[in-house]
Enquirer: 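Before we start, here is the structure in question, set down as structure tokens.
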Amino acid sequence: MSHAQKGPLYLTNTLTRRKEEFIPLRPPHVGLYVCGPTVYSDVHLGNVRTFTTFDLLYRWLRHLGYTVRYVRNITDVGHLVGDVDEGEDKIAKRARLEQLEPMEIVQKYTNGFHDVMRLFNILPPSIEPTATGHLIEQIEMVKRIIDAGYGYEANGSVYFDVPKFAEKHAYGELSGRRIDELQANTRDTEGMDEKRSPLDFAIWKKADPTHLMKWPSPWGEGFPGWHLECSAMSTKYLGQTFDIHGGGMDLKFPHHECEIAQSVAADGHAPVRYWMHGNMLTVNGRKMAKSEGNGFTPEELITGNHKLLEKGYSAMTVRFFMLQCHYASTLDFSNAALQAAEKGLERLMAAMDVLDKLKPAPAPDAAQDEAVKALAQRCHEAMNDDLNSPVLIAELFEGVRLINSANDGKVLLSAAAISGLQELFRAMVFDVLGLKREAQAAADDKALDGLVQVFIQMRAEAKARKDFATSDRIRDQLAAMGIVLKDTKEGTTWQRA
RNA sequence: GGUCACGUGGCCGAGGGGCUAGGCAGAGGUCUGCAAAACCUCGUACAGCGGUUCGAAUCCGCUCGUGACCUCCA
């Protein structure tokens, strides 16, 4: 299916703050870069939301027929704790606290991150570069920035000269900031005499002799600045100008603003054509963040072992919950909302099971063929309209009603209508939304199923002789063990509660 | 303090000048031995106050409230 046949895709470009038609630089190729995690601690649900957002984008672009090179980095050095380039490296600090090698910290939390991505059915990127694996590229980029006159060395560190850059180029365009306002609002911080302006940021940082993570450079032993990593790696794998750069809202300033400045300084032009930012996950109206103490890990979510959680929720429930909200809006976490999502997802998945077994009506209603096509069209339009997954899901529930009505014999579907629905649901639910059936292992458990079938048989016999006391007792006792029976026209089925 | 968002029915959330999503919860009904599921029907919402307009939840202004960023943050 070619993207050309599916109508234009519109995306909100946060650089222009408008919805724009997406036209790749070199179709059918699309270059996509997303800022990955700094691997110094467990990811929390807020992080998962951003990666889910760009997973949805990645999946939709692929669905449209694009060949996407998706680069999502691992930040394993250079991300500092605390204020204005004076803090300790996050990973080095963690290594000290856990008494491990920095690279053990990196490996440990990278593994954990990958586990979480798998759990939420987030596809792996095409390339997952690490900052420590690209020191040469970063040093080269620092050199280019210095050569262009926008970087200066001070005491073994190299800083980006923001005021000088701002004389000739736009600085603050992405985040809507003005250089004079920034200057007026800068706080005084200690120990920044090395920097000519408080707005300047480190692109190479000198390491003291006790520092574990350091590399030789033309300016002495040190390590790269955080903003520089993304610029160097995106340029290496996607070129000096590429299609889409994504990340969380909170990275807009300073991180992404600095990336733009670095690329313009080093290579002479803006690096990114479409900037996209996912909004935050909030808890009781406040951003989920480790410093707030309101973040929980995926493990806590699933077990329900957290003071904010009334019970555990599955990864797919949470994924569905997130996709029911547009990526650019804040999403507030609550138990009531999660429970609503859990029920809704259950209904969606149940309808897909029904759809698999649906038989064409002997005298189908031809008008329904058109209805199915129109539904598919609306689904595509929703996604093409800035990845409007909540509207897509709303449309899919229209389909759910159609499927269930057909199952009840109230709507007469042709074979073509049924296969159209099957194709639509498979594509949208599994491929695009990235949902999957889960916890089906129980129903697939042959021994358990055999056992339950014995009880279903016994209950059917009791029902046949109108011994409802016995049939109800069987049903109630199974329910108490977490096995729920449902009587349908085709017989009795069971599932775990 | 500066910049920028947002405030939608009981809850979560789309939409965004006239056609008023969807999910969950609730009420009534159909089916069923009963239940469950499913289907049908129902609730008529857009913070407040002004303004623009034939018409505003949607545009503009003000007020109130909330949040994000301005320092590390997905």
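Remember, predicted model here, so these are calculated numbers, not experimental data. Lettering follows sequence order; numbering is per chain, from 1.
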Enquirer: Quantified in whole Å, what is the C1' atom distance between nucleotide B/A25 and nucleotide B/C64?
Expert: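 Those two atoms are separated by 30 Å.
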Enquirer: Give me the distance, rounded to whole Å, that separates B/U63 from B/C24 when you measure between the C1' atoms they each carry.
Expert: 34 Å
Enquirer: Donor-acceptor pairs under 3.5 Å, side chain of residues 117-125 of chain A to any protein atom, not counting sequence neighbours: which ones?
Expert:
unit_1	atom_1	unit_2	atom_2	d
A/R118	NH2	A/D115	OD1	2.8
A/N121	ND2	A/G434	O	2.8

Enquirer: Within this structure, what is the CD-to-C1' distance between A/E257 and B/C4, rounded to whole angstrom?
Expert: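 To the nearest whole Å, that distance equals 14 Å.
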Enquirer: Nearest nucleotide by nearest heavy atom, which residue falls closer to the 5' end of RNA chain B, A/H44 or A/L345?
Expert: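 Looking at RNA chain B, the more 5' nearest nucleotide goes with A/L345.
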Enquirer: With sequence neighbours left out, write down each residue that passes side-chain hydrogen bond (donor to acceptor under 3.5 Å, both in side chains) with A/E128, or none if nothing qualifies.
Expert: A/R72, A/H114
Enquirer: Mind calculating the distance between NZ (A/K287) and C1' (B/C70) to the nearest angstrom?
Expert: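 Taking NZ of A/K287 and C1' of B/C70, I get 12 Å after rounding.
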Enquirer: Taking only residues two or more places apart in sequence or in another chain, which ones pass salt bridge (charged side-chain N to carboxylate O under 4.0 Å, His left out) with A/K252?
Expert: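 A/K252: no salt bridge (charged side-chain N to carboxylate O under 4.0 Å, His left out) contacts found.
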Enquirer: Between the side chain of A/R319 and the main-chain N/O of A/L433, is any donor-acceptor distance below 3.5 Å?
Expert: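 Looks like yes, one N/O pair under 3.5 Å.
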Enquirer: Without decimals, in angstroms, what is the distance between A/L402 CG and B/A38 P?
Expert: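 The answer, rounded to whole Å, is 15 Å.
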Enquirer: Distance between the P atoms of B/C4 and B/G61, in whole angstroms?
Expert: 12 Å
Enquirer: Taking only residues two or more places apart in sequence, or in another chain, which ones meet A/K436 in a salt bridge (charged side-chain N to carboxylate O under 4.0 Å, His left out)?
Expert: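 A/K436 satisfies salt bridge (charged side-chain N to carboxylate O under 4.0 Å, His left out) with no residue once adjacent residues are dropped.
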Enquirer: Whole angstrom is fine here: how far is it from CZ in A/F120 over to P in B/A74?
Expert: 16 Å
Enquirer: What about the rings of A/F113 and A/F51, do their centers lie closer together than 6.0 Å?
Expert: yes
Enquirer: Could you name each residue pair satisfying side-chain hydrogen bond (donor to acceptor under 3.5 Å, both in side chains) that touches residues 394-412 of chain A, not counting sequence neighbours?
Expert: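 Checked against side-chain hydrogen bond (donor to acceptor under 3.5 Å, both in side chains) - neighbours excluded - the pairs reaching residues 394-412 of chain A are A/R378-A/E395.
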Enquirer: Has A/N404 got a side-chain N or O lying under 4.0 Å from the OP1 or OP2 atom of B/A38?
Expert: no
Enquirer: Give every donor-acceptor pair under 3.5 Å between a side-chain atom in residues 34-44 of chain A and any protein atom, sequence neighbours left out.
Expert:
unit_1	atom_1	unit_2	atom_2	d
A/T38	OG1	A/H79	ND1	2.6
A/Y40	OH	A/K90	NZ	3.4
A/S41	OG	A/K290	NZ	3.0
A/H44	ND1	A/G46	N	2.9

Enquirer: If we take the C1' atom in both B/A56 and B/G15, what is their distance in whole Å?
Expert: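 B/A56 and B/G15 have their C1' atoms separated by 14 Å.
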Enquirer: Measure CZ/A/F253 against C1'/B/G2 and give the value in whole Å, please.
Expert: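 Taking CZ of A/F253 and C1' of B/G2, I get 12 Å after rounding.
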Enquirer: Who passes side-chain hydrogen bond (donor to acceptor under 3.5 Å, both in side chains) against A/N284, sequence neighbours left out?
Expert: none
Enquirer: How many Å lie between CG on A/D250 and P on B/A74, as a whole number?
Expert: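 Computing the A/D250:CG to B/A74:P distance gives 6 Å.
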Enquirer: Residues in salt bridge (charged side-chain N to carboxylate O under 4.0 Å, His left out) with A/E370, at least two apart?
Expert: A/K373
Enquirer: Reading nucleotides 28-36 of chain B 5' to 3', which nucleotides get B (base under 4.0 Å from a protein heavy atom), which S (sugar-phosphate only), which -?
Expert: -----BBBB
Enquirer: Nucleotide by nucleotide, 5' to 3', does protein get under 4.0 Å of the base (B), only the sugar-phosphate (S), or neither (-) in nucleotides 8-22 of chain B, counting heavy atoms?
Expert: ---SSSSS-----BS
Enquirer: Do any pairs count as a side-chain hydrogen bond (donor to acceptor under 3.5 Å, both in side chains) and have a residue in residues 321-333 of chain A, sequence neighbours left out, and if so which ones?
Expert: A/T282-A/D332, A/Y327-A/D386
Enquirer: Please tell me which of A/T282 and A/G278 maps to the more 5' nucleotide of RNA chain B, matching each residue to the nucleotide holding its nearest heavy atom.
Expert: A/T282
Enquirer: Can you list every stem that RNA chain B is part of, counting only runs of 3 or more consecutive Watson-Crick or G-U wobble pairs with both distances under 3.5 Å?
Expert: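 Looking at RNA chain B, the stems formed by three or more consecutive pairs are B:1-7 with B:64-70, B:10-12 with B:22-24, B:26-30 with B:38-42, B:47-51 with B:59-63.
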Enquirer: If you measure from the C1' atom in B/G9 to the same atom in B/A57, how many Å do you get, rounded?
Expert: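 Rounded to whole Å, the distance is 12 Å.
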Enquirer: Between B/U53 and B/C60, how many Å separate the two C1' atoms, rounded to a whole number?
Expert: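 Here B/U53 and B/C60 have their C1' atoms 12 Å from each other.
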Enquirer: How about A/F333 and A/F296: are their ring centres within less than 6.0 Å of each other?
Expert: yes
